[in-house]
Amino acid sequence: MLNVDIRHDFPAIRLNIRFEAPEGITVLLGRSGSGKTSVINAVAGILRPREGKISLGERVLQDSARGAWLPPRERNLGYVFQESRLFPHLSVRDNLLYGARRRGLGIPAEFQELLQLLDIAQLVDRRPAGLSGGERQRVAIGRAMLAQPRMLLMDEPMAALDEARKAELLPYIERLSKGRNVPVLYVTHNIAEAARLADTIVVIDGGQVAASGPAGDILADPEVAPVLGVRAAGAIVQGRVVQVHGDGLTEVAVDGGRLYLPGCDAAPGESIRLRVEAQDVMIALERPVGVSALNILPVTVSAVKSGQGPGSLIQLANGGMRLLARVTKRSEAALGLRVGLPCYAVLKSVSVAREGLHRVGGDRPG
Amino acid sequence: MLNVDIRHDFPAIRLNIRFEAPEGITVLLGRSGSGKTSVINAVAGILRPREGKISLGERVLQDSARGAWLPPRERNLGYVFQESRLFPHLSVRDNLLYGARRRGLGIPAEFQELLQLLDIAQLVDRRPAGLSGGERQRVAIGRAMLAQPRMLLMDEPMAALDEARKAELLPYIERLSKGRNVPVLYVTHNIAEAARLADTIVVIDGGQVAASGPAGDILADPEVAPVLGVRAAGAIVQGRVVQVHGDGLTEVAVDGGRLYLPGCDAAPGESIRLRVEAQDVMIALERPVGVSALNILPVTVSAVKSGQGPGSLIQLANGGMRLLARVTKRSEAALGLRVGLPCYAVLKSVSVAREGLHRVGGDRPG
Amino acid sequence: AEPIRVFAAASLRDVLDEAAHRWAARAGTEVVPVYAGSGTLARQIAAGAPADLFISANTAWSDWVLGKLNKPAPVRSIAGNRLVIVVLAPGGNTGEESITPALFGPRIAMGLVEAVPAGIYGKQALEALGLWQELAPRVVQADNVRGALAFVAAGAASSGIVYQSDAAAESRVAVAARFPETSHERIVYPAVLLEPDRAGPFLEFLSSSEGQALFASFGFLPVQAGSG
Amino acid sequence: MSGLGAEEWQVVWLSLKIAGVATLFSLPLAILTAFALARGRFRGKALLNAIVHLPLVLPPVVTGYALLLLFAPNAPLGAFLQDQFGLTLAFRWTGAALAAGIMAFPLMVRAIRLSLEAIDPGLEVAAETLGAGRGAVFATITLPLMLPGILAGLVLAFAKALGEFGATITFVSNIPGETRTLPIAIYSYLQVPGQEAAALELAYVAVAISLAAILLSEWISARVARRLGGQDAER
Amino acid sequence: MSGLGAEEWQVVWLSLKIAGVATLFSLPLAILTAFALARGRFRGKALLNAIVHLPLVLPPVVTGYALLLLFAPNAPLGAFLQDQFGLTLAFRWTGAALAAGIMAFPLMVRAIRLSLEAIDPGLEVAAETLGAGRGAVFATITLPLMLPGILAGLVLAFAKALGEFGATITFVSNIPGETRTLPIAIYSYLQVPGQEAAALELAYVAVAISLAAILLSEWISARVARRLGGQDAER
Ligand SMILES: Nc1ncnc2c1ncn2[C@@H]1O[C@H](COP(=O)(O)OP(=O)(O)OP(=O)(O)O)[C@@H](O)[C@H]1O
Ligand SMILES: Nc1ncnc2c1ncn2[C@@H]1O[C@H](COP(=O)(O)OP(=O)(O)OP(=O)(O)O)[C@@H](O)[C@H]1O
Ligand code: MOO
Ligand SMILES: [Mg+2]
Ligand SMILES: [Mg+2]
């Protein structure tokens, strides 16, 4: 459990950040320049905020009221910096093992596995100078992980990586977080990545926490959407696989009904997380006929957020499930959308983006 | 028209790259470490390949056979480096205007517009040292663009940017390329970004060109998919808006039929580009009934690529339109899929990813 | 009139400053003394330095200069000196007979015995007295007399072999003994008159009884006019 | 320091002039040499490097003597400069500046070279792609980024030039008002017993001057460092 | 150089020993001082800086004289060292090394400091987050990255120590086999008419030694630079 409550002034921006990150993966989301790196630096002990308190479980990392301050080296965190910061005079191997050696550990058991996973086995004898951007970033990820940290801080670690690599690495990070109980503080501006990984999401805007809480709640919050960019708005839906049909469609039970997903390789009984982008949800007052009859859920309007542009965001709920829908203001008026209105959410099974598909509690090798 | 034909040896990898980039935006796609930055460096004149020839239109940039070599400063290119490379001793303003000043131009007319677009107006008097990762990258983009280059080289320029910013910048790059006729060589590992931007795609793998050609052809080529990562495979479909229906669905004519798209704000008559991911396409031997009846297109199997994993990639064609479908090997066998087989592609209207939606020839302010 | 440039051995500084001062008052001609090691000055004169008069600390360098000049130049000694043994004050006497190894203590400061005039004379004297073999290991050599004197004044050396003129000016040392004048070559300061028209009268002044008295008052030995 | 007479002030002023001229005039050449040594690939680079270091290795008197042999009015080079350009170095303050400059040269070159070698070549490359020619890259990128080294070089060289004694007195002698610098004046005082106080007074002046120069340079380089900014300056 | 006799060889060997000891022993202190000046925030920093530069500004004789006053056997400090540690400096080669080390110190400090200031503090911070304590950060990150400056400092200091004359002879005199270094021998020859050839011969030896030192250091620093790699080394 990480507790952050800090205030700090930069010439151009004032940071005032307070959030709690329970176990698991906490994603800091926010636009460029909003203060994400500054927060993670404060947790790492690299930025010493003017005032505030940071604690990780029982350990107080900083408490300006009591003058307490733990230097970075004693915080035992693994930090993947936004700009890699490899040691230029050390080989890739020595970079990777730097933390383990400083902490007096031998070569960690997962060294070889991680080399494979990061596809850097062929680089170990080289020095950082000639590495490509992505290679540097992969080595930096490995370096932080091999330090056997108590907590992992990752500042846009995947920004330079291709989808294939990313797809292999994300499950590894999940395993680390859930399997080994290493909490992760993860900065990204990619909402799909956040939806994929996050247990908790903290949205930062202009140096302030715009919202924070469980990933599902935050992503379905229409108030948060404008901060992240309306384009990227979408909700996370928890479901359980009921059956895999012969035609390849997977039937998933969610609050309010059943969804049918193509190309999902989950087994019956498994819990999965689905991401439904707001732009993929239509609202109908009557159960539509003749359109895709597969994924239609009865819902109630639970929140309405009219933006400055031509669009509105409508939150739709059924039990614990929440969806976001993006509609035009004209539609909003035409349909008379208001909180409490019962209606139907129309979504295509395939609107469940692949990247947002996520096994909860799964622990297979990546 | 950029012509590249180079060979160069690094200790760990041999580059042998040959491609042509016609007008417009050419995207270099490839995994980390495949050689993308090296190629762009060769075009910029930063890497001097052992042998080869590079020409841009009439101008020969390098011709090792004739010993010709144009130094970087005379190539008149704008290069957005992977690692920003801002001048630490200059203010953001002086960084931005560096190229214009060197080339004896005044403050370019688009200076203010670009400051707004990149959201860096408030940074102009600061120095690079305190900037956030995304801020640095935005300044670097501005710096390259303001040098009024003959060609723009961009090495993963958006990697550090949030979706909102990206969504504003991508159209600007398109306008620059099409409106002002500045060719762009754009490196990315993000296939959606490539699909959104590319006129031409060059896929690089292990220092070699794995495929190159018009974006639609390359993305629909099942042979290319494994290089890029099967997860990300998908085709681009050209269409023309026929009608916007009262229920918000936009009807788009494509070769082989009509598609219905929600939430698309294009006007009738406009040409648009749609992206259909392979995992969102199902194949049916009979026209399905009871499923989404909206987006079903009669097609013929035009290529089959069985991968090493459990999946196969099937290319489906109708006229000039090509789709990719990802199916399991079992399905492939069960359906007896082979080249020439007529069948139906079932795709949900919403599977047309928002990011892949692209106005062709549109020129609105970002 | 143009000032007279006198290139003089650095150890002559005090007395020549005073002489220059008096001459300027007397003749209305400024005398600009230029002090450095005799060898340095000699080389500069040979290289064309604008010197009117050269006063060397030994005949080796005055002879050398004469050899390099392409015209004859008059030379005369304008002062002499005595070689003395100094120890840290208080202490010492001024006898000549009592020069024994014990008098020198464990460390003897001298000028460079192969290069600096006072060192060369000192070595000659010790050899003449039959002490060199025994004392040589105790000798520490400085780059000029002044350095040797400083070793004694600082207490780093137990004794030093310096000029009487130096000993007179340093209050922290006392003269323990004087070498017999016969134990070494005669110590003279030869003056080479490079520009007789300009510096001749000043040289005459130095050789005059007033000039010689001045030298004597700074601890030098006067010389008979016309000798050297 | 209230005790400084007109003659002493003259010595101070002359020393400042000589050290200042020596330092400023050798700067461009030092930058050039640092460049050649850091970036150049040519035969004889090791030799150039050795020559630059020579004044450090040799006893100053030898350097002064060599200068005397080269630039004396009777020497071919000295006569040539005299005839062709009316430039006399021997026994002039200009010669003192030359001697001081040469003695300080290796210090200046090293400092500048170190700074030069610490510059990320990627920045110069970036400037080139933005259309900067060699000269412009140098003037707008390399030179400003070399500032810490240039400043350090200037301070070292100025201090060294201020303290230079052996080569100066050997080459240009000890002529009051022309070549009698602070160290030479101090030496002259030290040559005569009992003048330690006067020597000490001048030594104080030398220390005060160099302290001022050092403070000035630290102030400037703090500003330069602030401009370049630190990665984690906020910590 | 075939003409070197046993006595000359002794001089050469002694000079090497003195310059080597001076350089190596002052290195740790120079690193410490460079650190204090580059990173420290304390009162009297400017003063420390000025003191470090003093040997450059003052005529060497003054420095030598000051050392003599401090370390003579009957000076308080000299007596203390003698009694407590049996360490005699005056008139010993150790004293010559001390003098040479002090004269070379400012050069070494500056070079090291420049390199130190060019290090990206982000790397040290990264090492800290990986659990490195202050000492470990220094030993594994800062020190290796300072290598170019340390090398440059060593070369400069060695060259200077090899050429030091004024402070050395004033402090420890000229004792054959103990304190008679190359510059002192050269000076002695130059003081006697007609011995220029012998002086020149020794000067050649000095030049040869420093050339060798410079070549060695350049070779090492080329290796260091290769290790650190250049951004666009391939161009
Ligand atoms: N100067 C160099 N010395 C040695 N190897 C190099 C050098 N430059 C590049 N390489 C190697 O060449 C390969 C291609 O590098 P390049 O930077 O072109 O990759 P990239 O496609 O841009 O990768 P990324 O997406 O990670 O930036 C990499 O394996 C890299 O390690
Ligand atoms: N040392 C500093 N001095 C001045 N301003 C700073 C400093 N560090 C950060 N800032 C400013 O504080 C704001 C937040 O910076 P931060 O690096 O935390 O942003 P971020 O959210 O990580 O952005 P990005 O996604 O672009 O990396 C930015 O506007 C930045 O310019
Ligand atoms: O002037 Mo001298 O040469 O010091 O003895
Ligand atoms: Mg950041
Ligand atoms: Mg790259």
Side-chain angles (χ1 to χ4, degrees), chain B residues 37 40-41 43-48 61 70-92 94-105 126-133 136 139-140 142-155, chain D residues 31 34-35 38-41 111-154 217-235:
Chain B
T37 300
I40 218 166
N41 278 346
V43 174
I46 291 172
L47 172 76
R48 189 168 182 162
L61 304 184
L70 210 60
R73 60 181 163 282
E74 287 165 27
R75 298 193 176 192
N76 223 334
L77 311 171
Y79 189 164
V80 181
F81 294 90
Q82 200 169 0
E83 351 73 60
S84 86
R85 296 200 193 179
L86 299 184
F87 303 130
H89 58 299
L90 299 181
S91 68
V92 167
D94 291 341
N95 265 284
L96 288 168
L97 294 175
Y98 189 89
R101 286 184 180 147
R102 292 292 89 62
R103 289 175 179 152
L105 314 166
R126 288 174 58 185
R127 288 186 193 279
L131 297 185
S132 81
R136 301 177 70 83
V139 175
R143 183 176 72 173
M145 288 183 163
L146 288 169
Q148 315 278 23
R150 186 186 297 255
M151 180 175 191
L152 210 49
L153 308 176
M154 308 184 88
D155 197 351
Chain D
I31 293 177
F35 237 86
R39 302 269 176 94
R41 286 183 203 170
I112 295 174
R113 183 177 163 190
L114 267 177
S115 260
L116 187 57
E117 286 172 339
I119 293 178
D120 174 5
L123 295 177
E124 295 173 316
V125 166
E128 261 191 276
T129 66
L130 288 164
R134 276 168 185 253
V137 169
F138 179 77
T140 60
I141 308 296
T142 319
L143 196 63
L145 291 175
M146 267 160 57
L147 264 188
I150 290 179
L151 270 170
L154 282 174
S217 80
E218 293 292 328
W219 182 76
I220 298 177
S221 57
R223 281 182 59 108
V224 169
R226 195 140 16 94
R227 260 187 22 174
L228 296 187
Q231 196 76 27
D232 295 294
E234 278 296 322
R235 187 183 167 187

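Each chain gets a letter, A, B and so on, in the order the sequences are listed, and its residues count up from 1. Quantities reported herein were computed from a predicted structural model and do not represent experimental measurements.
B:L86 touches chain D through its backbone: at least one of N, CA, C or O sits under 4.5 Å from a heavy atom, while the side chain does not.
Here the rule is side chain to side chain contact (heavy atoms under 4.5 Å, CB included) with D:L130, and of B:R73, B:R101, B:R143 only B:R143 fits it.
Taking OG1 from D:T140 and CG from B:L90, the interatomic distance works out to 7.0 Å, rounded to the nearest 0.5 Å. Expressed to the nearest 0.5 Å, how far CG of D:L145 lies from NE2 of B:H89 amounts to 5.0 Å.
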Checklist entry - Should B:I46 and D:E128 be marked as a side-chain contact (heavy atoms from CB on, under 4.5 Å) after you check the CA-CA gap, both sets of side-chain angles, and the distance that decides it? => result CA-CA 9 Å; B:I46 291 172; D:E128 261 191 276; over 6 Å; no

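Contact record, D:G131 with B:R103: N-NH2, 3.4 Å, taken as the closest heavy-atom pair. Scanning both residues, D:V137 and B:Y98, for their nearest heavy atoms gives CA-OH, 4.4 Å. Nearest heavy atom pair, residue D:A132 against residue B:R102, reads CB-CD, 3.5 Å.
Looking at heavy atoms from C-beta onward, D:L123 lies in side-chain contact with B:P88 at the 4.5 angstrom threshold.
When the shell of 6.0 Å around CZ of D:R39 is examined, it contains more than 12 heavy atoms from other residues, nucleotides or ligands.
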